[in-house]
Visitor: 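What follows is a structure written as structure tokens; I'll ask about it next.
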Amino acid sequence: MARYNPKEAEPKWRAAWAAADVFRAQIDHARPKYYALEMFPYPSGSLHMGHVRNYSLGDVVARYKRARGFSVLHPMGWDAFGLPAENAAMERGVDPRAWTYDNIAKMRDELKRLGLSIDWSREFATCDPAYYGKQQAWFLDLWKRGLVYRKEGVVNWDPVDQTVLANEQVVDGRGWRSGAVVEKKKLAQWFLRITDYADQLLDGLATLDRWPEKVRLMQENWIGRSRGLKFAFQFDGTAPAGFDGLDVYTTRPDTLFGASFVGIAADHPLAERLAADPRIAAFIAQCRKGGASEAEIETAEKIGVDTGLRVVHPFDSSWTLPVWIANFILMDYGTGAIFACPAHDQRDLDFARKYGLPVKPVVLPPGEDPATFAVGSEAYTGPGTIYNSAFMDGLDVEAAKAAAITRIESQGQGQGATVFRLRDWGVARQRGWGCPIPVVHCPACGVVAVPKSALPVALPEDLDFSRPGNALARHPTWKDAACPDCGGPATRETDTLDTFVDSSWYFDRFTCPDADEPIDKAAADYWMPVDQYVGGIEHAVLHLLYARFINRALHDAGMLSVAEPFTGLFTQGMVTHETYRRQTGEWVEPSLLDIKAEGNTRRAVLMETGEPLVIGDVEKMSKSKRNTVAPGEIFDAYGVDAARLFVLSDSPPERDVQWTTSGVQGAWRFINRVWDEFDSQPPPAAASGEPDAAALALRRATHRLVKAMTEAVESFRFNSGIAQLYSFLNVLKDNPAKSATSALLAERHAALSVFARLMAPFTPHLAEEAWARIGGEGMVVNAPWPDYDRALTVDEVVVLPVQVNGKRRGEISAPAGADPADVEKIVLADPEIARKLEGLTIRKVIVVKDRIVNLVAN
RNA sequence: GCGGACGUGGCGGAACCGGUAGACGCGACAGACUUAAAAUCUGUUUUCCCCUGGAAGUGCGGGUUCGAGUCCCGCCGUCCGCACCA
């Protein structure tokens, strides 16, 4: 049997594709367009299996759509700014620019080796001045439109990376990259007004019907829209200087008559104003000390201090409420102040019980008696009828909310309000390896935009990264500039933009990588939106929310016609591997060990010494657990197609896939068996006469395969599709060329031609080699996806299982589409089934056409 | 605590609309080829039993239905996201 030789075939076909320039994307209004995109990689220097999976998945889509006649855009670039380059520079004394471009060169070679259907002519890196200069241009446009502002504010400070983090980049109170506990720091910051788009971003989710429900939900929760009432309490007696009233926000205005006290955050300006009182000062200090980590919040007891101030109830001027400072109220949500209704809010209840404050129920649960209903240690938050509430008595919760809002509005004390959890996006980073914010600070004119003619504001060549901190800020001359307005001496802004800004519009730029404007509208109008975006779930709220925001902002600035950038999103699972440790606890990498199987148990030993190892959990491939497998080594051993095939075949794409050596060997075996079928097929001979039974059966199987594969690819069930290819190969093996009639040989040739086209998105190199072997015209990459005849996907005679009372008791054969009455006759005439029915009377016969027969009998 | 997803052989998984549960692959076992091994090929492989057949079986307990892995109710478990959000 001839072995398939990927070492020879794979480079040959990649060269052939490149020579024919087949993947160049071209605007062609005669054809439907398709934009397939995978999240672009950070150029870390080496390809890992996660990349192999991500880009193989996207490549299946891109190649399939090409074969279906779409004009396809499938580009690639590099998310190239960011801290790893600075860290490499600091640790090894290399230049971050050189380090990054070297890594890009290495990874480009590895990616090209994967045989992806990429239009490489559109490649760029976000650290190219030609890219970030255009980013600076639209940044200034957004500034002009009021979407960029500077504000002194409390920011999340990562003490390890020495930079500011956005809220989205703080996970469990720690920096998303460094893992360091985040500190609060006051700093002048640049913000993008993402909150202006909160409603749009939320409502837009409803239109994204080809996004995973999970991601839409995560964004919905992150944006966190809530509707309620914002109103001001008047102080009883003299108001503290500078305070007319006390603004609070509530989603439960229906419970206003259950008010017990008013609470403010420790960071609230009023609390700070009262800090002259040492008791209050001490309490504020105590609150600030408390960490923001998950565990601390979980266990933190609700504590507070009474300010001594009192405010007047909005619906009863004779009723006053005490004002407390409480640790469970957050300054950065709502107004940083609440009115508390302990009977119907658990936090308020815990607090009220601790400090002996009143608990007065105002919502009566259905079926409860108002005379006896009482709240114990659990607040009642369910539906019910309002009572103890003057003008709201008898209303249900929703009606009471509306009534309370109307009354407050008519009193001029406040109004219905929508509040978001989403905060504006702090985009400035105190880093040298990033896109400079294109402004100068002039002592006379203030903050002044750099004119577009002077863009890009490029990074200097000679940044010093030997020490932590902002290399740009300490550069001796770079920041010196003339003010564009008055010409006087001024200082450049030394903050750079968050790298998530870089990745928020690269897909737009891919449509026109050489345009003078940031986005060429004609090109973007043709290609956008991205029809299928593929990437990891970890970007569910970071990148995917920012990109949606920026795209909308650019749309509103007239640069784009499309508001939502990605109409289809697919989030793929991770690549995992078993972990192995020595008895001492040290991790051992897979290449150093041997797995021995005894029956159903497996044992791992160190290859060199035979030392037994502990087989641990299956986890995401990571350097720290040493459970990685280098793609390059797999490509060398089995070829690229085997690696692609395995990561695509072994699990559904959205789930994690477990890398195993035996699995990739299975894929390699399949490739050789496929090759053997093509290799053993003699040159096409004239088909002789009518196809015989075997040929017809093969034809039907082929049409069934096309149907199954088409449906599997369309619905991202690539693993099932590949299983169909495996099954079909078994059919081919059962009809070998060497013993075939000439009619069957002709049918085999047709089947192989279909097979080559169906496997092309998955194993593109093998498909070309196989296509050439059977004399296919041109390259398979240019061959159309095969069609199928629905009539041929069903057999003429179907085997129907026959159940008696729901249990399988036999089967019969019937013509496809046979009338239920005829099927019933066949069933009743069957002696085997008659035997099973002995002593029973048939009560009912259910015939499901071409599927099953069920006899109900007793 | 809130929200969501998922529980199927030794393993990854299939079963798309409620219609033969376990496709396909991996592993294991047996056989062929071989001096031998690797590779390759052929076969078997959910469990149990009184084995020409039969029973049970998709986390557990109920329900709907002629028929449930699939739908409904209640538990249990695993994973993910958010988390003092007023």
Side-chain angles (χ1 to χ4, degrees), chain A residues 1 3 171-172 212-222 224-226 228-229 248-252 255 263 265 294 297-298 300-302 326-330 332-341 345-348 350-351 419-421 537-538 540-541 595 597-602 618 645-646 649-652 654-658 660-667 669-670 672-673 676 708 711-712 715 717 719-730 733 799-811 843-857:
Chain A
M1 165 177 161
R3 291 282 268 194
V171 180
D172 292 345
E213 185 63 37
K214 180 189 171 71
V215 175
R216 288 190 289 175
L217 220 95
M218 281 166 72
Q219 291 210 357
E220 198 178 307
N221 291 337
W222 188 267
R225 179 162 62 194
S226 85
L229 169 67
V248 300
Y249 172 73
T250 179
T251 55
R252 293 299 302 273
T255 65
E294 190 181 3
I297 289 168
E298 192 89 25
E301 205 187 334
K302 292 188 178 34
N327 68 336
F328 68 91
I329 299 164
L330 307 173
D332 55 4
Y333 185 77
T335 61
I338 62 160
F339 93 83
C341 174
D345 182 285
Q346 192 59 46
R347 292 154 305 171
D348 297 351
D350 294 344
F351 193 87
V419 162
F420 295 94
R421 209 192 78 111
I537 185 80
E538 66 273 19
V541 282
I595 300 277
E598 287 153 13
N600 284 330
T601 55
R602 300 162 67 247
V618 175
L645 186 65
F646 175 64
S649 70
D650 208 47
S651 289
E654 69 277 12
R655 249 187 268 181
D656 291 352
V657 63
Q658 186 187 342
T660 59
T661 306
S662 49
V664 74
Q665 283 167 346
R669 252 194 308 274
F670 172 75
N672 279 294
R673 289 168 59 205
D676 191 47
E711 289 169 359
S715 58
R717 296 192 332 268
N719 56 323
S720 294
I722 292 168
Q724 299 293 333
L725 289 179
Y726 275 76
S727 279
F728 189 77
L729 184 67
N730 293 335
K733 286 184 83 75
V799 174
L800 296 173
V802 179
Q803 297 182 330
V804 176
N805 295 329
K807 300 226 180 281
R808 192 175 187 280
R809 284 291 182 261
E811 59 186 35
R843 302 290 173 195
K844 195 171 173 189
V845 179
I846 292 144
V847 178
V848 182
K849 203 175 189 184
D850 294 345
R851 294 221 82 130
I852 201 165
V853 179
N854 192 10
L855 305 173
V856 185

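These values consider heavy atoms only, across backbone and side chains, with no hydrogens, waters or symmetry-generated copies. Letters go in sequence order (proteins before strands), and every chain restarts at 1. Values in this document were obtained by computation on a predicted structure and should not be read as measured data.
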Visitor: Which pair of heavy atoms, one from V845(A) and one from V853(A), lies closest together, and at what distance?
Guide: CG1-CG1, 4.4 Å
Visitor: Of the listed nucleotides (A86(B), A15(B), G4(B)), which one gets closest to any side-chain atom of L217(A)?
Guide: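 For the L217(A) side chain, the nearest candidate turns out to be G4(B).
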Visitor: Drop me the distance from L645(A)'s CG to D650(A)'s CG, to the nearest 0.5 angstrom.
Guide: 10.0 Å
Visitor: For nucleotides G57(B) and A5(B), find the distance between their C1' atoms and express it as a whole number of Å.
Guide: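 These two C1' atoms come out 25 Å apart once rounded.
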Visitor: So how far is it from L855(A) CG to N805(A) CG, rounded to the nearest 0.5 Å?
Guide: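 Reported value, rounded in 0.5 Å steps: 8.5 Å.
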Visitor: Would you classify D332(A) as touching base, sugar-phosphate or nothing, given that sugar-phosphate means primed atoms plus P, OP1 and OP2, and contacts are heavy atoms under 4.0 Å?
Guide: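 Nothing, no heavy atom under 4.0 Å.
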Visitor: Which of these passes side-chain hydrogen bond (donor to acceptor under 3.5 Å, both in side chains) with R216(A): E213(A), E220(A), Q219(A)?
Guide: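 So the option named by the test is E213(A).
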Visitor: Name the orientation of the base relative to the sugar in C48(B): syn if the glycosidic angle is within 90° of 0, else anti.
Guide: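 C48(B): anti glycosidic orientation.
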Visitor: Looking at every non-hydrogen atom in both residues, tell me the closest pair between K214(A) and I537(A) and how far apart they are.
Guide: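 Of all heavy-atom pairs spanning K214(A) and I537(A), the closest is CE-CD1, 3.8 Å.
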Visitor: Are there any protein N/O atoms within less than 3.5 Å of an N/O atom in nucleotides 77-81 of chain B, and if so, which ones and at what distance?
Guide:
unit_1, atom_1, unit_2, atom_2, d
C80(B), O2', K214(A), NZ, 3.3

Visitor: So, is R809(A) close to the A55(B) phosphate, meaning a side-chain N or O under 4.0 Å from OP1 or OP2?
Guide: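 For A55(B), OP1/OP2 do have a side-chain N/O of R809(A) under 4.0 Å.
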Visitor: Please give, in whole Å, the distance from C26(B) P to L645(A) CG?
Guide: 11 Å
Visitor: Expressed in whole Å, how much space separates the P atoms belonging to A28(B) and C80(B)?
Guide: 31 Å
Visitor: Testing the 3.5 Å rule here: is there a donor-acceptor pair between the side chains of N730(A) and R673(A)?
Guide: yes
Visitor: At their closest point, which heavy atom of R421(A) faces which heavy atom of N221(A), and how far apart are they?
Guide: NE-O, 3.6 Å
Visitor: For atom P, what is the distance between U65(B) and G12(B), given to the nearest Å?
Guide: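 Straight-line distance between the two P atoms is 36 Å.
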Visitor: How many whole angstroms separate atom CD of Q658(A) from atom C1' of G25(B)?
Guide: 13 Å
Visitor: Would you call G9(B) syn or anti, using the 90° rule around 0?
Guide: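 Chi for G9(B) falls in the syn range.
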Visitor: Let me confirm one number: the CZ-CD1 distance from R717(A) to I722(A), rounded to the nearest 0.5 Å.
Guide: 12.5 Å
Visitor: Figure out the CG/P separation between N805(A) and G67(B), and round it to whole Å.
Guide: 8 Å
Visitor: Apply side-chain contact (heavy atoms from CB on, under 4.5 Å) to residues T255(A) and F339(A) and explain how you reach the verdict.
Guide: CA-CA 10 Å; T255(A) 65; F339(A) 93 83; 3.6 Å; yes
Visitor: Does the side chain of R216(A) get closer than 4.0 angstrom to OP1 or OP2 of A5(B) through an N or O atom?
Guide: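 Checking R216(A) against A5(B): no side-chain N or O falls below 4.0 Å of OP1 or OP2.
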Visitor: How are the rings of F670(A) and Y726(A) set relative to one another: parallel (under 30°), tilted (30 to 60°) or perpendicular (over 60°)?
Guide: parallel
Visitor: Using the closest heavy atom to pick a nucleotide of RNA chain B for each, name whichever of D345(A) or K733(A) lands nearer the 5' end.
Guide: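 The 5'-side residue here is K733(A).
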Visitor: How does RNA chain B look in dot-bracket form if you count Watson-Crick and G-U pairs under 3.5 Å, write [ ] for pairs that cross, and put | where a base pairs with another strand?
Guide: (((((((..(((......[....)))((((((.......))))))((((...))))..(((((..]....))))))))))))....
Visitor: Between G77(B) and G25(B), how far apart are the two C1' atoms, rounded to whole Å?
Guide: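 Each nucleotide's C1' atom is 28 Å from the other's.
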Visitor: Check the distance between G53(B)'s P and K807(A)'s NZ and give it to me in whole angstrom.
Guide: 18 Å
Visitor: Which is more 5' along RNA chain B, the nucleotide nearest P801(A) or the one nearest D656(A)? Just name the residue.
Guide: D656(A)
Visitor: Looking at RNA chain B, which of residues 847-856 of chain A put a heavy atom within less than 4.0 Å of it?
Guide: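 Heavy-atom cutoff 4.0 Å gives V848(A), R851(A), I852(A), N854(A), V856(A).
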Visitor: Provide, to the nearest angstrom, the distance between the CD atom belonging to E711(A) and the C1' atom belonging to C17(B).
Guide: 13 Å
Visitor: Please give me the minimum heavy-atom distance between G228(A) and Y249(A), naming the atom from each residue.
Guide: N-OH, 3.3 Å
Visitor: To the side chain of Q803(A), which of U40(B), A21(B), A15(B) is closest?
Guide: A21(B)
Visitor: Mind listing the closest non-hydrogen atom pair of K302(A) and N327(A) along with its distance?
Guide: CA-OD1, 3.5 Å
Visitor: Among the nucleotides C26(B), A15(B), U20(B), which one has an atom lying closest to any side-chain atom of R669(A)?
Guide: C26(B)
Visitor: Counting the atoms with a prime plus P, OP1 and OP2 as sugar-phosphate, which does D350(A) contact under 4.0 Å by heavy atoms, base, sugar-phosphate, or nothing?
Guide: nothing
Visitor: In whole angstrom, give the distance that lies between atom CG of L729(A) and atom P of A23(B).
Guide: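 Rounding to the nearest Å, CG of L729(A) and P of A23(B) are 17 Å apart.
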Visitor: Using a heavy-atom cut-off of under 4.0 Å over every strand shown, decide if R717(A) touches base, sugar-phosphate, or nothing.
Guide: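 Base contact.
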Visitor: Base, sugar-phosphate alone, or nothing: which one does G666(A) contact when heavy atoms must sit under 4.0 Å apart?
Guide: sugar-phosphate
Visitor: Would you indicate which nucleotide in G13(B), C66(B), C82(B) comes nearest to any side-chain atom of R421(A)?
Guide: C82(B)
Visitor: Show your working on side-chain contact (heavy atoms from CB on, under 4.5 Å) between N719(A) and V657(A) and close with a plain yes or no.
Guide: CA-CA 11 Å; N719(A) 56 323; V657(A) 63; over 6 Å; no
Visitor: Is the phosphate of C85(B), meaning OP1 or OP2, less than 4.0 Å from a side-chain N or O of R347(A)?
Guide: yes
Visitor: For the side chain of S662(A), starting at C-beta, report the closest nucleotide among C26(B), C66(B), A86(B).
Guide: C26(B)
Visitor: Of the candidate nucleotides G13(B), C84(B), C16(B), which contains the atom at the shortest distance from the side chain of R655(A)?
Guide: G13(B)
Visitor: Taking CG from D676(A) and P from A39(B), how many angstroms apart are they, rounded to a whole number?
Guide: 17 Å
Visitor: Would one find more than 12 heavy atoms of other residues, nucleotides or ligands at under 6.0 Å from atom CZ of R851(A)?
Guide: no
Visitor: When rounded to the nearest 0.5 angstrom, what distance separates CD1 in I338(A) from CZ in F328(A)?
Guide: 4.5 Å
Visitor: Less than 4.0 angstrom between a side-chain N/O of N730(A) and OP1 or OP2 of G25(B), yes or no?
Guide: yes
Visitor: Please measure how far the P atom in G9(B) lies from the corresponding atom in G13(B), and state the result in whole Å.
Guide: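 Their P atoms lie roughly 12 Å apart.
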Visitor: Could you measure between the two C1' atoms, the one in A30(B) and the one in A68(B), and give it in whole Å?
Guide: 38 Å
Visitor: With a 4.0 Å cut-off on heavy atoms, is Y249(A) in touch with a base, just the backbone sugar-phosphate, or nothing at all?
Guide: base
Visitor: What integer distance in Å separates Q665(A):CD from A39(B):P?
Guide: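 For the pair Q665(A) CD and A39(B) P, the rounded distance is 8 Å.
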Visitor: Taking atom P in both C2(B) and U64(B), compute the distance separating them and give it to the nearest angstrom.
Guide: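 Comparing P positions in C2(B) and U64(B) gives a spacing of 31 Å.
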Visitor: Between U47(B) and U58(B), how far is it from one P atom to the other, in whole Å?
Guide: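 Pairwise P distance, U47(B) against U58(B), rounds to 15 Å.
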Visitor: What is the nucleic acid contact for I846(A), judged by heavy atoms within less than 4.0 Å: base, sugar-phosphate only, or nothing?
Guide: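 The answer is base, as I846(A) lies within the cut-off (heavy atoms under 4.0 Å) of a base atom.
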Visitor: Going by the glycosidic torsion and a 90 degree boundary from 0, is the base of C17(B) oriented syn or anti?
Guide: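 Base orientation: syn.
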